[in-house]
Novice: 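This is the structure, below, for whatever I ask next.
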Amino acid sequence: MTESPDQQPSPRRPRRFRPAFVRPAWWPLPACVLLGTACGLGYGLLTPPQYAATGYAVVTAGKDIDPAAALGYAQSYGRLATSDTTLAYAHGAAGEPVRQLRSHVRSETSPDSPMIAVTGTSTDPERAADIANAVTEALVAGAGHVAGDTGVKVIAYAHAVAPADPVSPSAPLGTAVGASAGGLLGGLVLLVRPRPGRRAAVTAQVPGPAQAGGAAHTGERELVS
């Protein structure tokens with residue numbers, strides 16, 4: 001028994017499998033914004049507030065010393081304010097070990113004036129002021145020991161007072177900064193990722209029936225005829 005060409009099974013058409021849910025191409029942007037907002041809010045809520053108090057000292061030149069030399073000595077004494085020698089002299093009044101005190105104090109100088117700013121930081125505003133004043137007094141005392149050789153003196157200009165407001169970011173500010181950083185990161189991800197339109201469509205094809213059987217049937221038809 002032979003089959004006519006009209007009775008042969010036709011190959012099935014390829015079917016395209018489509019996912020049930022397709023994420024939008026811009027999904028990294030809101031995801032990064034939400035992640036940054038959560039991180040900023042958590043940082044603002046969990047991090048204890050930090051206070052900073054600043055005291056000032058000024059370098060003065062002697063009678064026979066060029067006043068411009070005070071600027072150079074101010075730069076040198078500004079670096080010595082956070083040295084181990086100064087902190088070892090100040091840790092008793094500051095109430096903290098030298099290793100811990102080193103991370104809670106910093107100094108700044110100006111190239112235009114012989115002023116030295118000593119800043120103390122702590123979670124307690126009173127302790128921040130005590131740290132700044134202790135380091136400033138230690139710097140003044142250390143400079144006084146060599147004043148006969150240098151010809152300049154370091155004088156305490158203004159004592160540090162306990163600050164009323166912390167310098168660390170609050171919860172609203174941390175949330176805003178986190179959301180901004182997340183939005184920037186999400187925008188960068190969208191710029192560097194490949195666009196969906198450039199991707200080739202993937203089509204899953206179902207293989208058709210084998211052609212060997214069809215060739216055999218054709219041969220049988222030729223023999224019968």
Novice: Side-chain contact test, heavy atoms from C-beta onward, threshold under 4.5 Å: evaluate it for Cys39 versus Leu35 and give yes or no.
Specialist: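 Answer yes - side chains close enough.
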Novice: Can you tell me how far the CG atom of Leu71 sits from the OG atom of Ser110, to the nearest 0.5 Å?
Specialist: 8.5 Å
Novice: Might you point out which heavy atoms bring Ala132 and Gly120 nearest each other, and give the distance in Å?
Specialist: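 Heavy-atom minimum between the residues: CB-N, 3.7 Å.
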Novice: Membership question, hydrophobic clusters at under 4.5 Å side-chain separation (ILVMFWY): are Leu80 and Leu101 in the same one?
Specialist: yes
Novice: Side chain of Ser76, backbone of Gly72: donor and acceptor closer than 3.5 Å?
Specialist: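 Side chain of Ser76 to backbone of Gly72: a pair is present.
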Novice: May I have the step-by-step check of side chain to side chain donor-acceptor pair (under 3.5 Å) for Thr109 and Gln75, ending in yes or no?
Specialist: CA-CA 6 Å; Thr109 58; Gln75 302 296 324; 2.9 Å; yes
Novice: What's the spacing between Ser122 OG and Gln50 CD if we round to 0.5 Å?
Specialist: 6.5 Å
Novice: Please name the pair of heavy atoms, one in Ala129 and one in Ala162, separated by the smallest distance, quoted to 0.1 Å.
Specialist: CB-N, 3.8 Å
Novice: Got Asp124 and Tyr51 here, is their nearest side-chain heavy-atom distance under 4.5 Å?
Specialist: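 Heavy-atom side-chain distance check fails, nothing below 4.5 Å.
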Novice: Using side-chain heavy atoms (C-beta onward) and a distance below 4.5 Å, is Thr82 in contact with Arg102?
Specialist: no
Novice: Quick one: does Val192's side chain get under 4.5 Å of Leu188's, heavy atoms only?
Specialist: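 They are not in contact (no side-chain heavy atoms under 4.5 Å apart), so the answer is no.
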Novice: What's the spacing between Thr54 OG1 and Asn133 CG if we round to 0.5 Å?
Specialist: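 Answer rounded to 0.5 Å: 10.5 Å.
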Novice: Just by modelled atom types, is the Ala94 backbone N or O under 3.5 Å from a matching donor or acceptor in the Asp130 side chain?
Specialist: no
Novice: So how far is it from Ser83 OG to Tyr77 OH, rounded to the nearest 0.5 Å?
Specialist: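 Reported to 0.5 Å precision, the distance equals 11.0 Å.
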Novice: Test of understanding: clusters of I, L, V, M, F, W, Y form through side-chain heavy atoms closer than 4.5 Å, transitively. Do Leu139 and Val98 belong to the same one?
Specialist: yes
Novice: Holding to side chain to side chain donor-acceptor pair (under 3.5 Å), I want the full list of residues that pass it with Thr150, two or more places apart in sequence or in another chain.
Specialist: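 So Thr150 forms no side chain to side chain donor-acceptor pair (under 3.5 Å) with any residue.
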Novice: Looking only at non-hydrogen atoms, find the nearest pair between Thr121 and Ser103 and report the distance.
Specialist: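 Taking Thr121 first and Ser103 second, the nearest heavy atoms are OG1-O, 4.3 Å.
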Novice: Taking the side chain as every heavy atom from C-beta outward, state whether Val105 and Val118 have any atom pair closer than 4.5 Å.
Specialist: yes
Novice: For a quick test of reading the model, state the closest non-hydrogen atom pair linking Pro163 to Ala53 and the distance between them.
Specialist: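 Shortest heavy-atom separation between Pro163 and Ala53 comes out as CD-CB, 4.0 Å.
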Novice: Minimum heavy-atom separation for Ala156 to Val140, with atom names?
Specialist: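 Taking every non-hydrogen atom into account, N-CG2, 3.9 Å.
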Novice: Decide yes or no for Ile116 and Val59: does some side-chain heavy atom of the first lie under 4.5 Å from some side-chain heavy atom of the second?
Specialist: yes
Novice: With side chains defined as the heavy atoms from C-beta onward, is the minimum distance between His91 and Gln100 less than 4.5 Å?
Specialist: no
Novice: Using the rule side chain to side chain contact (heavy atoms under 4.5 Å, CB included), only one of Arg106, His104, Glu108 pairs with Thr119; which is it?
Specialist: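 With Thr119 as partner, Arg106, His104, Glu108 yield a single side chain to side chain contact (heavy atoms under 4.5 Å, CB included), made by Arg106.
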Novice: Please answer: with hydrophobic residues joined when any side-chain heavy atoms are less than 4.5 Å apart, are Met115 and Ile155 in the same cluster?
Specialist: yes
Novice: Identify the heavy atoms of Val135 and Leu87 that sit nearest to each other, and give their distance.
Specialist: CG2-CD2, 4.1 Å
Novice: Kindly compute the distance separating OH (Tyr89) from CD (Glu137), expressed to the nearest 0.5 Å.
Specialist: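 It is 9.0 Å, given to the nearest 0.5 Å.
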Novice: Indicate yes or no for a side-chain donor-acceptor contact from Thr136 to the backbone of Gly55 under 3.5 Å, with no hydrogens or angles considered.
Specialist: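 Not at all, since once roles are kept as given, no pair shorter than 3.5 Å links the two residues.
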